[in-house]
Each structure stands twice: as C-alpha cells, then as structure tokens.
Number of protein chains: 2
Amino acid sequence: MGVKEMTISDIAKLAGVAKSTVSRYLNGGSVSEETKRKIENVIINTGYIPNTFAQSLKAKRTNIIGTVIPRLDSYAAAKTLIGIDEELRALNCQMLISNTSQDLDRELESIYGFARQKVAGIILMATQITDAHLEAFKKIQIPVILVGQLHHEIYSLIHQDYESGYEMGKYVLLKGHRNIAFLGVTEKDIAVGVRRKEGFKKALEEVVDCNVRFHETSFSMMEALKQATLIIEKYKPSIIVCATDNIALGVLKAASLKGLRIPEDLSITGFGGYDVTEVIHPGLTTIKYFYKDAGQVAARNIVKLVNGEDVNKVTHSKFKLIERESVDNRIVNIL
Amino acid sequence: MGVKEMTISDIAKLAGVAKSTVSRYLNGGSVSEETKRKIENVIINTGYIPNTFAQSLKAKRTNIIGTVIPRLDSYAAAKTLIGIDEELRALNCQMLISNTSQDLDRELESIYGFARQKVAGIILMATQITDAHLEAFKKIQIPVILVGQLHHEIYSLIHQDYESGYEMGKYVLLKGHRNIAFLGVTEKDIAVGVRRKEGFKKALEEVVDCNVRFHETSFSMMEALKQATLIIEKYKPSIIVCATDNIALGVLKAASLKGLRIPEDLSITGFGGYDVTEVIHPGLTTIKYFYKDAGQVAARNIVKLVNGEDVNKVTHSKFKLIERESVDNRIVNIL
DNA sequence: CTGAAAGCGCTTACAG
DNA sequence: CTGAAAGCGCTTACAG
C-alpha cells in the first residue's frame, strides 16, 4: 500500500513490540506464538519488505556470487551461466553477472566492482590471465574461480582442451585424412588457442606422411568464412578442423558458397557442441563440452571456497566426440 | 593490503581529518588541495573501498536496474541484454539479471526479489502478463518496462509483430505461393503466438484461391522438426512459414532429412534474424528484429521513468525483411 | 574549507 | 520470550 516505505520500527510499533522482537521473528529466533501472530499480521497488511542494505551492513557479508563473462551472446557463456545460476539458486545464493564485451579493462573493472559490492565470491570466465588480474585477485581478498582457463595460482575449472584436441586428431586420421588444415585462434587464449591445437598436433605426430597446416582466425563466423575461402583455394585440404563450432559454421558457409559438397569435397569439424551443429545439414562432427555441468561445478566450488571448505585447485570437465555427417571416410573411398 | 576492512573512520584518522571530510572528498564536495592530497594518499595506500551498503542505506536509492528474462540461451534475450547492458553502463547504472528458465512463478519471485533489493527500475522480458504480474507491479511501486509484449497498463517496448507478419504474408504471396503452412506457437504468447500470426493472416485475406493451414508447435527446434515432418507428409505445402528462426531451423532439418531441396521442393521462412540464419546454406529468408536496439531503448526509457521523466506508454522497435535463398519464386516457374 | 552529531534500517549481545 | 541499547559504515544538514 505503502506510499511510504515501512521500516522495522513501524512494524514494531504497529505490532506493539520492540524492533528486536520483529528482527528475531524475521530471522527465526524465539518468539511466542501470540507475538508471532501479531507481527505476521502487520507484515502482511503493510507488505513490509526488509531493507537488504541495512541487513548486509550489519551482517558484513552477502550471499552474492559475481560472475564475469566475456560475452553474453555466446553459446558457451550462456550455457555456463545457466549452470551457475541453477546451482547457486539451489545453494541459496544470488548471481550477479557482469558482461565485459571482451574488453580486458572492463574485466578488471568488473572484478573491483564486485569487490566493492562485497560479493562473497567471483567466478571468472576468462580468456587470458594477465598480471593485472593476479594483482586484482590479491587485492580484493575474495575467493575466485576461473572457468575455461588454467592458472596455477588460482582455482580453475577447465575443459579438457588438450585431450579433446588429441581425440579429434586421432579421429581425423582414422577417417583417412592426410591433407589437413587446422583453423585455430590466437595463442593468447591458452585453452582454445594453444591446448586444443597442441593436443591435435600431438595426435598427428604419431603418423608419418601427413600434411597439416595451421592457420589462425578470430572467433567470428564472418572472419572464418573469409579465411576458409583462401585456405580452400590455396591448399585444397580434404578437411578443415576448426577450433570452435562458430568457426566451423563460417567454413561451412564458405564451402557452400564455392559449391563444394560436404563431406565429399571437403570435410569439416568443430569444437564446442553447440545445439545448432545438430540441426544444420549436414550435421557437424564436433567435440561436445558440457558447459552447463561446468557452470554447476564452478558454482558449487565457489560456495565451498566461500565457506572455507576444501576444493581441488583444478577440476576437469568432461567432453565427448560427437560423430555426425560432416567428415568423409577416406579409407572407404580408397578401397 | 587489508587483513581487515578499512572504513571511512580509519581513513579519516590516518589522514588526520574528520569522517565527513573524507566523505566530501569521495563525493566531490569542497575540500582544500592539501587535505585532498592527504586523503588521496591514505586511500591509495590502504586500498580503501567504500561500503556500498552503507552508502545505499543513506542514499535511500540505488542505480540498479533489474532485468528479468525467460531464458539465457536465446538469441533474442542475449541481444536484448547486450543492448540494455551497454546503455545502462553509459547511463551510469548497473544491471542485475534474473533468469527464470521460463517459469512464471520464478518470474514473480524475481520481481519481488528485485523490489527487496531496492532496484530503481525493472525491465521485464515477458511472454505473458497475468493478474499476478499486475498485482506485483502495483505492490512494488517501482517503474517497470515490458519488452516484447504489450499491456495497456504498463510501459512497453514492442516489436512490430503484426506488421512484420503482414509483410511476410505479402512477400510469400508475391513469390507465388498458394499452398502455405504457418507453423506458429501458443496463443498465450500474444506477440509471437497471436500478433505475428494475425498479421500474416491479414495479408493472405487480400487474395483469393489461397490455401493456408495454421499449425502450432513449441519454441524448440526438435519439436518443430517433428511437426514439420508430419506437415510435409500430410499437406505437401510449397512453403512453411515459421514463427521464429529457431522453428525454421528445425523445419530446415526436417526437409534435409527427407531429401527435399530448398527452396525448389520446399520454401521456408523465419522470424527473428538470428546470426546463424545468414551462415547456414541456403540462407534463411526472415524478418530481422533489432533486439539490441530494443534493449538500448528499454534501458533509456526505464532510466527516464526512474528520474520521473516522461516516456511514451508504448514504443515500437523496427524490423526488416531479409531476403535470402530459402524461398522459391513460383511466379517464374509458372512462366 | 572543516568537524561534531544525527540518523539511514537493521542485528546482536546483554539483561531481565 | 522480550526489550533497550549499541553499532554496522556511510552521508548530510548545521555550525563554525
């Protein structure tokens, strides 16, 4: 009804008790049945809502977990966020999201901002960890968990980039491909740019007479489309292995525009396991990461850390190769 | 440094001034150059960060805008959120996100939760507005803006669903299609389920001898895939007009699985303008809504409302038909 | 320009 | 079970 905000004093007065009694009622302290009823009534009638700021000011601690993400419109980020949100809700914590639009400075700002808001813990979906990050973590004195990247000084939740890269390499070889292009991303991104590639490379080393070229592009579909066009024209690989599904989507388009049949004329694979890879035609063979699971684990871990419990320094999230129609079996063709 | 949290009193003591002077320094009040320097020094050395709760407790008002969204992993939601976030940041406000996973109860909870946190305003991406919503809005006494749905009692930012539906209808007719299937969603969703369909229907009414059937599905790709398979088998339409791009993606897959060529054997259109519709092959003809713009406008409007400024009860966001390769021109074929 | 004091709305020992 | 009082960290008139 409140033209005016109700305070705990108002409630106390209306119920004919002391403020402390109302507070006790609110926080589940011991209150007699009769008092309880009186207070309850007043609260319902007034629609009283306690002031969170005053509460937190006293309690000296919030149940808010801050999450810093590089982008809002990425499949990986969205799914991870969903996992975090779900788990945090179950654990009775709140999630605060800060989107940095892939701007490193804003990432730092967000971290300090969260500290100012006295969040209990921070989950960071980082692409790179700089010295400035390390300094920030030290300064704020708040538990932090990294998702998607590894750093020995910080708690991390990582995807098995190396291992999945290796598995993809093995798979591609098994299918008989020997003229291979790998379309990756900047090495500044250790997980995607380095580990994923290194795992793949490792698998290929185990075979002779295999021709592989490594190219670099950005995370954008359009850029991948352009790059792929060049690669196809110049090197005519039998397969382009893409470091993300998004890149694979760009390559797919490039191939279609050139009139190439997939997988007969060109095979393509991705990493990620985005929903859309299943619904396009032909379906994209890719590595599926379990982003939502990862988010849930990250949430559980950060809450443990906040509560002073023990957590492994690094937790691995699983992955799975999903075989669909975008890779040609060259072995069969040879027979 | 702080093993212990610094407070404004500590800073005052260390700088040899009064708390109020420090506060004034912090808030840009008048402080002499010398005092300024002293305080500045102490703050830098201690890494002092003001307590937001105490600040808000006094100020009686936050600069936080709460945003309620039905899902995190939807193109429309993500883009809208990006627009809101960007604009809010520019306006010096903070964005708080609450994801409801398409659960109406959680939508209500979120609204009350935001009220408890004393957000200055709320942006709601709703799918339906119930009486419980209306009651909540009345109770909380906080400015609210609806995005994507219209309600005469509330400020709204809407997409031109009817108009774009109409334009799509005209386009489909122009291309010579006369055996049409429309694959829509529940009418509980007024914008997408009703208005978009009604606009489309209206366009078709203006022509005779046109055969159109309306079907209903969910927002899920997989469900659309199943439905489309049935529709194709039973009615053999020359085109399936889908109420969202997501649905269109499912239909596209269904067609591919049946070996139909697009657009020769079956034409398909969507609504939304998701990035992926451009990169798939053939490209999907669709209506593009400007979600990010809409988010920005919503953000601007909610801030105006918070500041007591005037805002139109309903604001329309624009749209654009994007013609790509998924629609066959039947007129040419006839000739 | 500067400081002492009151107060924001709540919680938490401490008595009773 | 209940209440009076102190205090969380800040801001804001009000004097000076």
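Naming convention: chains lettered A, B, ... in sequence-line order (proteins, then strands); numbering from 1 in each chain. Note that this is a predicted model, so its numbers are computed, not measured.
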**Request:** Only counting residues at least two apart or in another chain, list the ones meeting ring pair (Phe, Tyr, Trp, His ring centres under 6.0 Å) with A:Tyr75.
**Result:** A:Tyr274

**Request:** Just jot down the ring pair (Phe, Tyr, Trp, His ring centres under 6.0 Å) partners of A:Tyr155, sequence neighbours excluded, or say none.
**Result:** none

**Request:** With the side chain of A:Val31 defined as its heavy atoms from C-beta on, choose the nearest nucleotide among D:dT2, C:dG3, D:dG3.
**Result:** D:dT2

**Item:** A:Glu86 and B:Asn99 side chains, donor-acceptor separation under 3.5 Å
**Value:** no

**Request:** Indicate whether the side chain of B:Ser23 and that of B:Ser20 have a donor and an acceptor atom separated by less than 3.5 Å.
**Result:**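 No - no donor-acceptor pair under 3.5 Å links their side chains.
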
**Complete:** Nucleotide by nucleotide, nucleotides 11-16 of chain C touches protein heavy atoms under 4.0 Å in the pattern (B base, S sugar-phosphate only, - none) BB----

**Request:** Would you kindly compare A:Leu57 and B:Val17 by the position of their nearest DNA chain C nucleotide and give the one closer to the 5′ end?
**Result:** B:Val17

With a non-hydrogen cut-off below 4.0 angstrom, is [X] in contact with a base, only sugar-phosphate, or nothing?
X       : result
A:Tyr25 : nothing
A:Ser56 : nothing
A:Ser32 : sugar-phosphate

**Request:** Quick one: the dot-bracket string of DNA chain D, using Watson-Crick and G-U wobble pairs with both distances under 3.5 Å, [ ] for crossing pairs and | for bases paired to another strand.
**Result:** |||.||||||||.|||

**Request:** Would you please name every residue forming a side-chain contact (heavy atoms from CB on, under 4.5 Å) with A:Arg106, sequence neighbours left out?
**Result:**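 For A:Arg106, the residues satisfying side-chain contact (heavy atoms from CB on, under 4.5 Å) (neighbours in sequence not counted) are A:Thr100, A:Ser101, A:Asp103, A:Glu109, B:Asp85, B:Arg89.
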
**Asked** With under 30° as parallel and over 60° as perpendicular, where do the rings of B:His159 and B:Tyr291 fit, or are they tilted in between?
**Response** perpendicular

**Request:** Not counting sequence neighbours, which residues clear side chain to side chain donor-acceptor pair (under 3.5 Å) with B:Lys304? List them please.
**Result:** none

